[in-house]
There are 2 protein chains.
Amino acid sequence: MSVRAGIVVTGTEVLTGRVTDRNGPWVSERLGQLGCEVAHIVCVGDRPDDLADALGFMRSSAVDLIFTTGGLGPTADDLTAEIVGRFAGREMILDEAMERRIAEIVAGFARRMKFDPEALRDGTRKQAMVPEGAIALDPAGTAPGLVVEAGGPVVVVLPGPPRELQAMWAQAVGAPPVAAVLGRADDYEVETMKMFGIPESTLAKTLREIERDIDLGPLEITTCLRRGAELEIDVRNRVSDRTLRDSLFAALRERHERFVYTERGESIDEIVARLLAGSSIGLGESCTGGLLAARLTDPPGASDYFRGGIVAYSNAAKEELLGVPAELIAAHGAVSPEVAAAMARGAMERLGAEVGVGITGIAGPGGGTEEKPVGYVCICVVDAAGNVLARDPKLPGTRDDVRDRSASVAMHMIRRLLIGGDLPL
Amino acid sequence: MSVRAGIVVTGTEVLTGRVTDRNGPWVSERLGQLGCEVAHIVCVGDRPDDLADALGFMRSSAVDLIFTTGGLGPTADDLTAEIVGRFAGREMILDEAMERRIAEIVAGFARRMKFDPEALRDGTRKQAMVPEGAIALDPAGTAPGLVVEAGGPVVVVLPGPPRELQAMWAQAVGAPPVAAVLGRADDYEVETMKMFGIPESTLAKTLREIERDIDLGPLEITTCLRRGAELEIDVRNRVSDRTLRDSLFAALRERHERFVYTERGESIDEIVARLLAGSSIGLGESCTGGLLAARLTDPPGASDYFRGGIVAYSNAAKEELLGVPAELIAAHGAVSPEVAAAMARGAMERLGAEVGVGITGIAGPGGGTEEKPVGYVCICVVDAAGNVLARDPKLPGTRDDVRDRSASVAMHMIRRLLIGGDLPL
């Protein structure tokens, strides 16, 4: 049967648009995997009435679970626990064990930071006030989470810092009142196939064709284009419909094999990191300015394969650090396939790596010409065996888009070179 | 007087957490500037009842304006216009002029993409169905926006693609029913002071002290800690209360001058970019893996001051590309203040820059020791005049946090070196 959930994100800084909320989407995605249908995500500021209104709205739309994020800090405008308590018709009481626990957690930190002891004591006491009968969830920072039965929906109160919220998640969904509701949900699963370089309209047509042979009705299929070229096909299905999903993926693979880069939802960065194990890579970047290096060094253990990267913005840096001949730059321009190739080879050799990458382009907003407009980017990937993969696409969008997409295209080219074969672009 | 607004974001892909909503925050920020108080942002999927519930909730919480985004496309699950029509108690009628207009817009595009003409005609007609008496807003893509008076709140229906929504904004807020509501709002303004390296609790205490001398009542003050060390103090006030805000900022500056880095809401990256004008910088990065280079090359025109960066992950790369003596690494370890200083000087010299930065640290999750735990980072900033600023903080959080915060600390150190003076840390 279907279990419905609502999410209430609190925080004036989110509501006013100054901070991007990371908690609502994160909680929503996990609830989907647990078989919950998320009805609404409501974002409210720090005004108590607006939070109370949002909780009332959730109850009136008949959700089974309400998750709140944020508003559990030590200051006076952190009111979530109190308002949830009132919503559930429960008195606020001091949880003394929790008070001691929080005091211990903040003690060392507070000493180092020279906090005012009195302010600290007030804050700790405030954070240990919980609605009567609530289940406290262990703090990952200083704020405990709460599970509160509210005469209808069960409310799960989580802290605002994403790291603390995520650390508390397993305990929250395992708390008996929450687990009891979730136990009523069907088992759902979500899997994602991703393709690179295929237009969305082609995929839409293919899906219509497949539907003639296979009844896709029981599958929830969502497609989403990211970074201009990565097309994600997200399928949510009952566990009992897994064979059907497999048939869909097989039919898609049959028609578009060379575009598919994962059927397990991996990011291109994860795939490249896996393929690089046992090999080594070095980068020569210009317009991406270190973005490709930052992405390649993001995974733990990147030091096993990442030798280094040279961000060579000036021509002098290209010549001296990457060994690009000055004549080559003079003849073809700093943004040219020839210079990208020389940067890739220079990076490979100077950094002693087995794979080398060169990127040079015009990220804009200035610097474009008719022949080489903003968005024109030359990318080359080489390896020690003499394989070369080169592309010079004109990428659309803003400066940020061009930088980001250039790094993405390079990632897909690295994958192609490592698995052999040519690249659709 | 106060004008309240609500925002309804539609889209299953946003609700399930797979796509980050960019419209809610954008609309909210603009409404704040227009003097509106945004009460809620509600995100719903493509289920008609959930959207209708959200509109009902907005009406019951007594907002004056409702903005919806998304759900205006040509396909069957794009239902926003119809549901808003029902909410306003208005029949849906065909706007024939709009139908011709959309047909013209899509004609060329559809020919190129080989769209099916019949599907296209149906889609165009659907997009031209509007609630009776609604004001149509010119499409920036193919979907017209709408302004619908709904017996109480005025509903503004906007398309989902951010570019189309933003292109339509001026016309939307200028439409007579919307302008009439906005005309009742007071003129508000928002300004942000930012401090680096001061604990949130100290600031809270200071604000209480200041409040003894100054009545801060008319100011809406929000504080927000970012990246572990940047504390933002956001003040929203009536234009007529600007002097009061200036007094608050002056009182804060008086008490915490050396922590304040802006009173105009600038990011540290913008400030550093401004300070670097006419100078030049080169980087030697290890644990940040290119993140600092990516941030420094983010602004347009970065090529004027950014000479280059060397991401030296391996010891060999540190020695060969940055000239760090092998003996120095052997004696102190690759993560040490000594090596960070040598990297900074090496980057400055090899890249021919006036300022050099060296960062080396343990981002984790592995590689930590008792003496040098995960999060231990050594940062050094030098200049050609012989000034040196060095820090080796132990930064909390995940691998991502450590990398991100290391780059931020380095940014603040670059600022300090450029303006002269020491750094609070």
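So you know, we letter chains A, B, ... as the sequences are listed, proteins then strands, and number each from 1.
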Select one option (side chain, backbone, both, neither) describing which atoms of A/L351 are under 4.5 Å from chain B's heavy atoms.
side chain
For the [atom1] atom of [X] and the [atom2] atom of [Y], what is their distance to the nearest 0.5 Å?
X	Y	atom1	atom2	result
A/R121	A/T124	CZ	OG1	9.0 Å
B/R403	B/L292	CZ	CG	11.5 Å
B/D50	A/E37	CG	CD	7.0 Å
A/R30	A/C36	CZ	SG	13.5 Å

Quick one: what part of [X] sits under 4.5 Å from any heavy atom of chain A, side chain, backbone, both or neither?
X	value
B/T20	side chain
B/E232	side chain
B/P299	backbone
B/A39	both
B/R236	neither
B/R47	side chain
B/E320	side chain
B/A302	both
B/D401	side chain
B/D49	neither

With chain B as the partner, which of [options] has the greatest number of non-hydrogen pairs under 4.5 Å?
options	result
A/V14, A/D21, A/V8, A/D53	A/D53
A/G290, A/S61, A/G309, A/S314	A/G309
A/G308, A/A293, A/C43	A/C43
A/L296, A/D46, A/T222	A/T222
A/S303, A/G352, A/A312, A/G301	A/S303

Nearest heavy atoms of B/C224 and A/V19, plus distance in Å:
SG-CG2, 4.1 Å
Could you pull out the closest heavy-atom pair between A/L321 and A/I310, with the gap in Å?
O-CD1, 3.6 Å
Determine whether more than 12 heavy atoms belonging to other residues, nucleotides or ligands lie under 6.0 Å from atom CZ of A/R22.
no
Residues which pass ring pair (Phe, Tyr, Trp, His ring centres under 6.0 Å) with A/F57, listed by chain and number, not counting sequence neighbours
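In terms of ring pair (Phe, Tyr, Trp, His ring centres under 6.0 Å), with neighbours along the sequence ignored, A/F57 is linked to A/H40, B/F57.
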Go through the side-chain N and O atoms of A/E285 and A/T288 and say whether any donor and acceptor fall under 3.5 Å apart.
yes
In the structure I gave you, are the side-chain heavy atoms of A/L31 and A/I7 within less than 4.5 Å of one another anywhere?
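In contact.
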